[in-house]
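Notes for the one structure printed next.
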Amino acid sequence: MNKKPTKKMETRSIRAFIIFCLALLVLIGNLFWIQIVKGEEYRLKAERNQLSDTIVAANRGTIYDSNMKVLAQSATAWLVYVNPSKITTDEQKDLLVDGFVSIFGLEEDVVRKKLDKKQSGYEKIVGQIDNDQKAELQEYITQHKDKKIGSIIGIDPDTKRYYPLGSFASTVIGFTGAEDTGRAGVELKYNSELTGSPGRIITAQNALADDLPNDYETSYDPEQGHSLVLTIDEVIQYYLEQQLAQAVEETQAKYAYGIVMDVKTGAILGMSTMPDYDLNSPYKIHSPKLAEFIAAIEDEAQRAQEETNALYSQWRNRTISDSYEPGSVFKLFVAAAALEEGVMTTDTTYNCTSSIKVANYYQHCFNHNVHGTQTVAQALPNSCNTFFITMGQKMGKQTFNKYFEAFGFTETTGIDLPSEAVPVAGKTYYSVDKMGIAELSSASFGQTFQATPIQMIAAVASLGNGGKLMTPYVVGKVLDGDGNIISETKPTVKRQVISEKTADTNVANNIDKNTYIPNANPAKIKPAQTTKRDNYTYIPSSENVIKTNNNEGDAKKYIPSQKGAQFTKTFDNSGLEAVLKRADRAEQRAIQTLAGNFNSY
């Protein structure tokens with residue numbers, strides 16, 4: 001006879017069933033969480049454990065000069081990484097640290113922090129190492145093969161940027177950083193074009209994270225980045241740099257800079273800042289004198305700051321990032337504007353008595369020279385301040401500012417380089433509403449405002465280009481991996497500043513006989529101007545637009561020098577003569593040379 005379950009037994013059964021149901025719900029919940037909610041994440045983790053996915057760096061595009069001379073190129077290098085999860089003993093870790101520090105010169109603390117990441121399967125140690133360093137590492141691994149550090153270290157293909165000509169056009173080309181990305185110059189401005197598409201090598205792994213045979217490997221080749229053809233001419237650039245370096249050496253200037261530009265197109269044929277630096281070692285201070293000065297600083301924080309300042313200074317392209325008071329060179333534009341507006345003609349005369357009263361004080365010509373009665377053709381080579389003060393006052397501030405803006409002094413030039421200085425009303429120049437008679441008078445002979453060298457050369461070039469203001473540029477073409485042209489820069493006219501008739505008149509009647517160029521047809525020569533700054537700092541400059549005959553010409557270059565607090569000028573016929581003789585690809589050239597900051601370190 002069957003016994004009926006007792007109430008106690010029923011209660012236990014119910015409890016067991018409830019526990020079973022709860023456990024089943026928890027199991028179903030976990031399955032839902034793992035397969036649905038976290039399914040994609042766990043799938044990727046499983047794939048990572050089963051597959052080794054290695055990125056293969058792509059070569060950056062090559063940078064050429066205008067004649068296809070290689071200025072920057074990428075070559076095969078190597079990247080070293082480790083799998084910290086495979087480190088099993090402290091002895092292995094110490095061997096890895098010692099090897100990486102001695103072979104690659106790395107900081108011990110940095111290496112140890114990477115090796116301490118036990119849960120990580122990949123930590124990059126160093127990239128862009130050459131074949132010799134790779135061989136040295138492989139020899140080190142062989143020496144300690146009994147410690148099995150070879151299973152922890154990986155070596156993958158990488159790329160490294162090389163600059164065959166070292167410091168050549170350094171502030172124009174720029175350089176790349178550790179991740180092969182542009183840090184300055186064209187390398188930075190055109191980084192997206194130069195950067196290629198990386199490749200991949202996907203390999204199956206076993207449970208020990210070791211690669212399986214090649215049958216389980218899939219690879220995708222990297223694609224090289226686009227290449228650039230600059231407008232820079234190697235020969236013109238070479239002579240420009242040579243003469244600027246000589247100027248710095250002879251005058252003990254802090255720096256000098258110069259530009260050579262095709263006035264018809266705006267193409268930059270030469271651009272240099274001296275002192276320059278070696279693109280293959282951009283983090284090394286190029287100036288031995290400055291490096292010695294910084295090394296002598298005892299305070300560590302101050303020394304580090306001075307070193308940083310020095311590096312940024314040597315990377316700086318001063319032709320586009322620095323501004324200065326242009327001084328008497330600016331008289332060219334006042335003359336052009338006055339002729340265009342009919343304020344004067346080429347026959348207009350003015351009697352210079354060396355000074356003119358402006359508001360409640362007198363403004364003088366340089367050295368208080370008395371120039372007497374003169375036309376504009378005489379006033380320009382005489383650099384007569386009072387003549388141009390008078391012309392500026394006759395135009396008035398509205399008309400003056402109309403041409404100040406038209407010649408491009410209130411805007412950037414738009415050159416395809418990074419860090420062009422931006423003019424700011426009220427800081428770098430006077431706006432119309434803030435300009436009084438004193439400011440107008442001073443600005444009429446190139447003082448009380450700032451301009452960049454690239455602004456100046458673009459404006460001067462317009463006088464030799466029928467009054468057309470061009471947009472300057474340094475990249476002429478972009479090429480694909482097969483050398484096909486993807487894009488080509490077309491000359492861009494920003495605006496017609498003055499009429500062609502005025503430009504021709506202004507050019508034809510203002511030649512300085514002291515800088516006549518034999519065997520050439522000079523379009524415009526303006527002698528150097530000195531601007532006195534605080535603490536006896538001078539920034540002299542010269543502007544030249546030369547139309548060559550038979551594609552050849554000679555030129556003189558002003559090289560300023562300093563003797564104590566006394567400023568003097570010397571002449572060197574060889575510098576720009578050499579530049580112009582090799583500038584045989586265009587009918588006209590605009591040449592600007594500047595040397596500045598004559599204080600010692």
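Heavy-atom basis, side chains included; hydrogens, waters and symmetry copies ignored.
Taken to the nearest 0.5 Å, the OH atom of Tyr350 stands 9.0 Å off from the CZ atom of Phe387. Annotation: the span from Leu71 atom CG to Leu279 atom CG amounts to 9.5 Å, rounded to 0.5 Å.
Using a distance-only test at 3.5 Å, with no hydrogens or angles considered, no donor-acceptor pair links the side chain of Arg60 to the main chain of Thr176. The backbone N or O of Ala459 sits less than 3.5 Å from a side-chain atom of Ser462, completing a donor-acceptor pair. With hydrogens and angles ignored, the 3.5 Å screen pairs a side-chain donor or acceptor of Glu241 with a backbone N or O of Ala169. Remark: the backbone N or O of Cys384 is not paired with any side-chain donor or acceptor of Thr386 at under 3.5 angstrom. Looking only at distances, a side-chain donor or acceptor of Gln450 sits under 3.5 Å from a matching main-chain atom of Tyr324. Panel note: side chain Gln314, backbone Pro282; a donor-acceptor pair is recorded below 3.5 Å. For the pair Thr181 (side chain) and Gly177 (backbone), a donor-acceptor distance under 3.5 Å is absent. At least one donor-acceptor pair closer than 3.5 Å links the side chain of Asn465 to the backbone N or O of Val263.
For Tyr277, there are no side chain to side chain donor-acceptor pair (under 3.5 Å) partners at least two apart in sequence or on another chain. In this view, Asn484 and Asp480 satisfy the side chain to side chain donor-acceptor pair (under 3.5 Å) rule, not counting sequence neighbours. Qualifying side chain to side chain donor-acceptor pair (under 3.5 Å) partners for Ser442, counting only residues two or more places apart in sequence or in other chains: Gln363. Partners of Tyr312 according to the ring-ring contact (aromatic ring centres under 6.0 Å, His included) rule, which considers only residues two or more places apart in sequence or in another chain, are Trp315. With sequence neighbours left out, the side-chain contact (heavy atoms from CB on, under 4.5 Å) criterion links Pro423 to Thr412, Thr428, Tyr429, Gln455. Partners of Lys402 by salt bridge (Lys or Arg N to Asp or Glu O under 4.0 Å), not counting sequence neighbours, listed by chain and number: Glu341. Among residues two or more places apart in sequence or in another chain, the salt bridge (Lys or Arg N to Asp or Glu O under 4.0 Å) test is passed with Arg495 by Glu411. In this structure Glu420 satisfies the side chain to side chain donor-acceptor pair (under 3.5 Å) test together with Thr413, sequence neighbours excluded. Residues that satisfy the salt bridge (Lys or Arg N to Asp or Glu O under 4.0 Å) test with Asp416, not counting sequence neighbours, are absent from this structure.
Side-chain N/O atoms of Gln242 and Tyr238 include a donor and acceptor closer than 3.5 Å. Side-chain contact, Ser383 with Ser328: a donor N or O sits under 3.5 Å from an acceptor N or O. With no hydrogens or angles considered, no side-chain donor-acceptor pair links Ser170 and Ser167 at under 3.5 Å. In the model, Gln237 has no side-chain atom that pairs as donor or acceptor with a side-chain atom of Asp65 under 3.5 Å.
Residue pairs satisfying the salt bridge (Lys or Arg N to Asp or Glu O under 4.0 Å) criterion with at least one member in residues 429-452, sequence neighbours excluded, are absent. Within the structure, salt bridge (Lys or Arg N to Asp or Glu O under 4.0 Å) pairs that include any residue of residues 360-385 do not occur (at least two apart or interchain). Under the ring pair (Phe, Tyr, Trp, His ring centres under 6.0 Å) criterion, the residue pairs touching residues 447-493 are Phe330-Phe449, Phe404-Phe449, with sequence neighbours excluded.
Within 6.0 Å of the NZ atom in Lys494, the count of heavy atoms belonging to other residues, nucleotides or ligands exceeds 12. The environment of Gln73 atom CD is dense: over 12 non-hydrogen atoms of other residues, nucleotides or ligands sit within 6.0 angstrom.
The side-chain heavy atoms of Leu194 and His226, taken from C-beta on, include no pair separated by under 4.5 Å. Put simply, the side chain of Asn317 does not reach to within 4.5 Å of the side chain of Tyr257, judged on heavy atoms. With a 4.5 Å cut-off on side-chain heavy atoms, Asp276 and Thr171 do not count as touching.
A salt bridge links Asp322 with Arg318; the closest basic N to acidic carboxylate O contact falls under 4.0 Å.
Closest approach of Ile63 and Val186 over heavy atoms only: CD1-CG1, 4.3 Å. Annotation for Asn369 and Cys352: closest pair O-SG, 4.0 Å, computed over non-hydrogen atoms. Closest heavy-atom contact between Asn385 and His364: ND2-O, 3.0 Å. Nearest heavy atom pair, residue Gly466 against residue Gln496, reads O-NE2, 2.6 Å. Closest approach of Ser441 and Ile389 over heavy atoms only: O-CG1, 3.5 Å. Pro491 and Thr265 make their closest contact through CB-O, 3.7 Å (heavy atoms, listed as atom of the first residue, atom of the second, distance).
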For Phe333 and Val460, what are the C-alpha separation, side-chain angles and deciding distance, and is it a side-chain contact (heavy atoms from CB on, under 4.5 Å)?
CA-CA 8 Å; Phe333 312 119; Val460 170; 3.5 Å; yes
